[in-house]
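Lettering of chains follows the sequences in order, A, B, ..., and the numbering in each one begins at 1.
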Number of protein chains: 2
Amino acid sequence: MKEKGLRDYEHPSVTADIVVFSVKDNDLKVLLIKRALKPFENKWAIPGGFLRMHESPEDAAHRELREETGVDSCYLEQLYTFGAVGRDPRGRVISIAYFALINSDDVSLRATTDAKDVKWFSVGKLPKLSFDHKEILDYALKRLRWKFEYTTIAFSLLSGKFPLSNLRRIYETVFDKKFDKRNFSKKILSLGIVKETSEIQQGVAFRPAQLYGFTGKVGDIIKMI
Amino acid sequence: MKEKGLRDYEHPSVTADIVVFSVKDNDLKVLLIKRALKPFENKWAIPGGFLRMHESPEDAAHRELREETGVDSCYLEQLYTFGAVGRDPRGRVISIAYFALINSDDVSLRATTDAKDVKWFSVGKLPKLSFDHKEILDYALKRLRWKFEYTTIAFSLLSGKFPLSNLRRIYETVFDKKFDKRNFSKKILSLGIVKETSEIQQGVAFRPAQLYGFTGKVGDIIKMI
DNA sequence: TGAATAGTGTCTTTCAGACAATATGCC
DNA sequence: GGCATATTGTCTGAAAGACACTATTCA
């Protein structure tokens, strides 16, 4: 039987879009761009762009992330593929959505040619979003909370040496509730992922904390909180 | 600035492919088709096909599933989108993979025009698969086990009234290990999802079991096993 | 010495998991 | 009676969660 060629079908367009989270000033932030192009010109959207023929969706997501933030490596996972028929006024567009978690200290935001502006928004105070990006962001937020609860991805927001209270504050920010210091330390230390270092915190106006460092890998599924 | 049209980019093709699981004869099965077309003609593959321009990926998955099995409604969730550059010899093809869980009693298998054969395979004895379908299937199997452990999707393999031992045997099949009857019943009944009915099992050559029915919805995330 | 945060231990409750003897229905 | 499966409760260990006082540094 004759091979049916790919040309026998119309093709949708495919984009990789990324929900980039960070924790800054004890607040959970999302990175948004102000679109320079129609449709939704001058409206806020999550960063992303069309998949090039020679790159995998993951590569496209990494490229977009690098273009907007300068960040080369960070926690990045595929979230979900959104493909409802009418989701883009330009025609049939499938969006492979990713979610990323970056340490905002590492970031130098820069608007690309497609964007007039790039900014961190508190997830509590989001502007109206383009396309179905609100739905994507809500889904990402659910996934984020779930991953924080059941894995150690939170640790990817820290680097080098840090006091345990930093980690606790990240959890408190993401879940918007307080955690007991003693129980939190007990839990984290029992995981064996962090280890006390010989250093203590510098330049704080109160008792400086012991600093901890990573000993192992991060990301396995376990019950965290 | 001028709107950049969708035509300014080359488009990949997009397929919806489905890993269909069922439990039959105390064995975990996967549905495979024997391809009628090149490439991989006469080789086994997971069912799927190109996305039509007027249908969502979910609709496409449902359509493919209906075409191969006659099943209209079942547990279906999006699994992952596979898009590595060289995954299809015909060119750039993005596969939105789904995983489905069906009760094989409800099924009447039928080969479509694209398939010479459709068959259930034990996950322990799979043939060599086309494309990257082995990778997709392995991923689906991981997700399946995970979902069985943390949600009540297993219940979607049962319908009407059933003895608890049926449910237990499904778990034993999927995890390939025995579960203690007492602990299992305790756990299941404590969920409040099933309720004793007034009926008992008929036509068995041993003590007939109490039949249970569903009282609520299935699928929430909880620790199951 | 006051302000801010660090550091530390015990008790209670809950849940998972191990474990075995009796009951029922069919042949 | 023999066979195959159903039904039922207790104990133990681990982990989560509630809870409060003392220590350290700086201004």
Side-chain angles (χ1 to χ4, degrees), chain A residues 25-26 145-146 148-152 154 158 161-213 220-225, chain B residues 25-26 145-146 148-152 154 158 161-213 220-225:
Chain A
D25 312 323
N26 291 343
R145 295 220 166 93
W146 194 90
F148 264 70
E149 189 166 350
Y150 287 99
T151 77
T152 51
L158 297 169
K161 294 168 181 169
F162 50 87
L164 287 189
S165 55
N166 276 15
L167 188 59
R168 185 162 44 83
R169 255 187 292 277
I170 288 172
Y171 272 91
E172 291 178 340
T173 299
V174 169
F175 289 103
D176 196 24
K177 71 178 221 190
K178 295 284 174 196
F179 291 99
D180 181 83
K181 274 191 292 189
R182 284 162 295 189
N183 293 339
F184 189 84
S185 303
K186 203 195 309 177
K187 177 71 189 183
I188 299 303
L189 294 175
S190 76
L191 297 173
I193 298 175
V194 299
K195 195 175 65 190
E196 217 177 285
T197 69
S198 54
E199 294 175 51
I200 60 167
Q201 208 172 10
Q202 301 291 329
V204 287
F206 45 79
R207 174 174 174 179
Q210 191 60 238
L211 296 182
Y212 289 78
D220 291 338
I221 290 187
I222 44 174
K223 174 74 181 170
M224 278 296 298
I225 291 294
Chain B
D25 312 322
N26 290 344
R145 295 219 164 95
W146 193 90
F148 264 70
E149 190 167 352
Y150 287 99
T151 77
T152 50
L158 297 169
K161 294 167 181 170
F162 50 88
L164 287 188
S165 56
N166 275 15
L167 189 59
R168 184 162 44 84
R169 254 187 294 276
I170 288 173
Y171 272 90
E172 291 178 342
T173 299
V174 169
F175 290 102
D176 195 24
K177 69 177 222 191
K178 294 285 175 196
F179 291 99
D180 180 84
K181 275 192 288 190
R182 285 162 296 188
N183 293 338
F184 188 84
S185 303
K186 203 193 311 178
K187 178 73 188 182
I188 299 302
L189 294 175
S190 75
L191 298 174
I193 298 175
V194 299
K195 195 176 64 191
E196 216 177 287
T197 68
S198 56
E199 295 174 49
I200 59 167
Q201 207 172 11
Q202 301 290 330
V204 285
F206 45 79
R207 175 176 174 179
Q210 191 61 238
L211 297 182
Y212 289 78
D220 291 338
I221 291 187
I222 43 175
K223 175 72 180 172
M224 277 297 298
I225 291 295

Over 12 non-hydrogen atoms of neighbours within 6.0 angstrom of NZ in B:Lys195: no
Between [N] ([atom2]) and [X] ([atom1]): distance, integer Å:
{"X": "A:Gln210", "N": "C:dT5", "atom1": "CD", "atom2": "P", "value": "19 Å"}
{"X": "A:Leu211", "N": "D:dT25", "atom1": "CG", "atom2": "P", "value": "13 Å"}
{"X": "B:Phe206", "N": "C:dC26", "atom1": "CZ", "atom2": "P", "value": "11 Å"}
{"X": "B:Gln201", "N": "D:dA6", "atom1": "CD", "atom2": "P", "value": "7 Å"}
{"X": "B:Phe184", "N": "D:dA6", "atom1": "CZ", "atom2": "P", "value": "12 Å"}
{"X": "B:Asn183", "N": "C:dA20", "atom1": "CG", "atom2": "P", "value": "13 Å"}
{"X": "B:Lys187", "N": "C:dC15", "atom1": "NZ", "atom2": "P", "value": "8 Å"}
{"X": "A:Leu189", "N": "C:dG9", "atom1": "CG", "atom2": "P", "value": "12 Å"}

Does any N or O donor sit under 3.5 Å from an N or O acceptor when you compare the side chain of [X] with the base of [N]?
{"X": "B:Arg207", "N": "D:dA4", "value": "no"}
{"X": "A:Lys223", "N": "D:dA15", "value": "no"}
{"X": "A:Lys181", "N": "C:dT8", "value": "no"}
{"X": "B:Lys186", "N": "C:dG17", "value": "yes"}

B:Phe179 and B:Phe175 aromatic ring geometry - parallel, tilted or perpendicular at 30°/60° bounds: perpendicular
Member of A:Glu199, A:Glu196, A:Gln202 meeting the side chain to side chain contact (heavy atoms under 4.5 Å, CB included) criterion with A:Leu211: A:Glu199
Under 4.0 angstrom between B:Ser185 side-chain N/O and D:dT7 OP1 or OP2: no
Listed nucleotide nearest any side-chain atom of B:Arg182, set D:dT25, D:dC19, C:dC19: C:dC19
Nearest listed nucleotide, side chain of B:Ala209, among D:dT7, C:dA6, D:dT5: D:dT7
Stacked cation flag A:Lys161 on A:Tyr212, 6.0 angstrom / 45 deg: no
Check ion pair B:Lys177-B:Glu172 (N to O, under 4.0 angstrom): no
Sugar-phosphate, base or nothing in reach of B:Ser165, heavy atoms under 4.0 Å: sugar-phosphate
